[in-house]
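Everything numeric here is computed off the predicted structure, so don't read it as measured data. If you read the sequence from its start, that first residue is 1, and numbering goes on from there.
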Amino acid sequence: PTPTPTPTPTPTPPSPPPAPAPTGFGGTWVGDVTTVSCESDGAFANCSQFPTLASITTPSITRIRLTLTQTGDTVAGDMDFNTAWRLEVKSGTVRSGRLSFNPAPEGSISTQGLSFAVESWDSLLSGTNGMTGDFTFRVYRTGGNPSGSGRYKMRLVNVTRQ
C-alpha cells in the first residue's frame with residue numbers, strides 16, 4: 001500500500017493581546033452604602049430616632065453611583081445617591097492609592113431647607129474593578145429654627161466599576 005501524505009497544518013494566527021485592565025478611579029462605579037454610626041445636634045439631636053441615613057432621606061439613601069474621570073492624580077465627576085441626591089465632584093486627589101475629595105462635595109434641597117455634604121471621603125481600589133472605603137454624609141438645616149446637623153459615617157459596600 002502507498003502511504004497517504006499528511007496535509008501541512010494551516011498556521012493559526014496569534015490571538016490579539018488582552019485589553020489592559022483599567023487602573024485608577026476613572027469610570028462609572030455602582031454599589032451600596034450602609035450607615036456605620038451617627039452623631040447629631042440641634043434639630044437632628046436624636047440618633048436613636050434616626051439611626052441611619054436611610055431613615056431620614058427620601059428616597060432612602062442606600063445606593064451610590066460615581067461617574068469619575070482621572071487625569072494623573074486628579075479626579076472629577078459626579079456622585080449620585082439613589083438618583084435623587086446628586087453632587088458634583090470638583091476636586092478629588094489620589095495619594096498613595098487612596099482617593100479623597102477636597103473641598104467636600106456639597107448640595108442642597110432648598111424646598112426642605114436642607115443642605116448636605118460628603119466629608120472625609122477615603123476610598124481605595126480593591127483589585128481592578130472594586131472600590132472600598134468610608135465617608136461622612138452630613139445633613140444640616142440651612143433655614144429656620146431649630147438649627148442642627150446629623151453626621152452619618154458611611155461605608156461603601158460592593159461598589160464595582162461598570
Side-chain angles (χ1 to χ4, degrees), residues 17-45 47 50-143 147-162:
T23 59
F25 289 92
T28 299
W29 300 85
V30 177
D32 298 321
V33 293
T34 187
T35 301
V36 176
S37 64
C38 171
E39 293 179 13
S40 60
D41 61 60
F44 293 86
C47 280
F50 302 108
T52 66
L53 183 59
S55 66
I56 65 161
T57 55
T58 304
S60 297
I61 291 180
T62 57
R63 301 276 299 159
I64 188 170
R65 178 184 185 93
L66 297 157
T67 306
L68 304 173
T69 57
Q70 181 174 347
T71 304
D73 290 341
T74 303
V75 176
D78 294 306
M79 183 181 300
D80 183 345
F81 294 93
N82 285 60
T83 69
W85 299 66
R86 294 184 180 107
L87 299 167
E88 181 181 1
V89 176
K90 296 178 184 174
S91 182
T93 305
V94 178
R95 296 276 184 261
S96 301
R98 300 185 91 84
L99 174 62
S100 62
F101 301 128
N102 188 16
E106 293 186 77
S108 65
I109 303 174
S110 57
T111 57
Q112 296 180 19
L114 294 175
S115 288
F116 55 98
V118 171
E119 302 171 334
S120 305
W121 183 280
D122 180 29
S123 65
L124 59 125
L125 295 175
S126 174
T128 56
N129 290 313
M131 186 189 306
T132 60
D134 297 341
F135 63 95
T136 299
F137 193 100
R138 181 169 62 106
V139 181
Y140 54 101
R141 293 197 39 121
T142 53
S147 63
S149 66
R151 284 182 172 78
Y152 293 88
K153 181 76 171 182
M154 306 297 291
R155 179 156 297 137
L156 301 174
V157 179
N158 299 322
V159 175
T160 57
R161 190 185 329 250
Q162 302 298 296

### Task
Would you mind checking if Asp73 and Arg95 are paired as a salt bridge, meaning a charged N to carboxylate O distance below 4.0 Å?
yes
### Message
Within the 4.5 Å heavy-atom criterion, are Trp121 and Arg98 side-chain neighbours or not?
### Response
no
### Task
Evaluate the side-chain contact (heavy atoms from CB on, under 4.5 Å) criterion for residues Asp41 and Ser149: first the C-alpha distance (whole Å), next the side-chain angles of each, then the deciding distance (0.1 Å), finally the verdict.
CA-CA 6 Å; Asp41 61 60; Ser149 66; 3.4 Å; yes
### Task
Look at the aromatic rings of Phe116 and Phe137 and report parallel, tilted or perpendicular, splitting at 30° and 60°.
parallel
### Task
Give, for atom CD1 of Ile61 and atom OG1 of Thr34, the distance between the pair rounded to the nearest 0.5 Å.
12.5 Å
### Message
Under the criterion side-chain contact (heavy atoms from CB on, under 4.5 Å), I'd like the reasoning laid out for Tyr140 against Leu114: C-alpha separation, chi angles, the key distance, then a yes or no.
### Response
CA-CA 6 Å; Tyr140 54 101; Leu114 294 175; over 6 Å; no
### Query
Can you find a heavy atom in the side chain of Tyr152 that is under 4.5 Å from one in the side chain of Phe135?
no
### Message
For Glu106 versus Ala117, what's the shortest heavy-atom pair and its separation?
### Response
CG-CB, 3.6 Å
### Test item: Asn102 and Ser91 side chains (from C-beta on) under 4.5 Å apart, heavy atoms
no
### Task
Identify the two heavy atoms, one from Pro105 and one from Val89, that lie closest to each other, and give their separation to 0.1 Å.
CG-CG2, 4.3 Å
### Task
Specify the closest pair of heavy atoms between Trp29 and Thr128, including all atoms of both residues, with the distance to one decimal.
CH2-O, 4.5 Å
### Query
Can you name the closest pair of heavy atoms from Ser120 and Thr136 and give their distance?
CB-OG1, 4.2 Å
### Query
Is there side-chain contact between Lys153 and Thr35, with at least one heavy-atom pair below 4.5 Å?
no
### Query
Under the side-chain contact (heavy atoms from CB on, under 4.5 Å) criterion, do Val33 and Val159 qualify, and how do the steps go?
CA-CA 9 Å; Val33 293; Val159 175; 5.9 Å; no
### Message
Which residue in the set Arg65, Arg63, Arg86 passes salt bridge (Lys or Arg N to Asp or Glu O under 4.0 Å) when paired with Asp80?
### Response
Arg86
### Task
Kindly determine whether Arg151 and Glu39 satisfy salt bridge (Lys or Arg N to Asp or Glu O under 4.0 Å), including the steps that lead there.
CA-CA 5 Å; Arg151 284 182 172 78; Glu39 293 179 13; 5.9 Å; no
### Query
To the nearest 0.5 Å, how far apart are CD in Glu88 and CG in Asp78?
6.5 Å
### Query
In Å, rounded to the nearest 0.5 Å, how long is the span from CG of Leu99 to CZ of Phe25?
5.0 Å
### Query
With a 4.5 Å heavy-atom cut-off, do Cys38 and Thr52 have their side chains touching?
no
### Between CG on residue Asn158 and OG on residue Ser126, distance to nearest 0.5 Å
10.0 Å
### Message
Any non-hydrogen side-chain atom of Thr67 less than 4.5 Å from a side-chain atom of Thr28?
### Response
yes
### Task
Starting at CD1 of Ile64, measure out to CH2 of Trp85 and round the result to the nearest 0.5 Å.
13.5 Å
### Query
Do you see a donor-acceptor pair shorter than 3.5 Å between the side chains of Gln162 and Thr160?
yes
### Query
Which heavy atom of Thr62 sits nearest a heavy atom of Ala54, and at what distance?
CG2-CB, 4.1 Å
### Query
What heavy-atom pair brings Ser123 and Leu156 nearest, and what distance separates the two atoms?
CB-CD1, 4.1 Å
### Nearest-0.5 Å distance, OG1 of residue Thr132 to CG of residue Leu124
3.5 Å
#### Entry: Heavy-atom side-chain contact between Thr93 and Thr74 under 4.5 Å
no
### Query
Should Met154 and Leu53 be marked as a side-chain contact (heavy atoms from CB on, under 4.5 Å) after you check the CA-CA gap, both sets of side-chain angles, and the distance that decides it?
CA-CA 8 Å; Met154 306 297 291; Leu53 183 59; 3.9 Å; yes
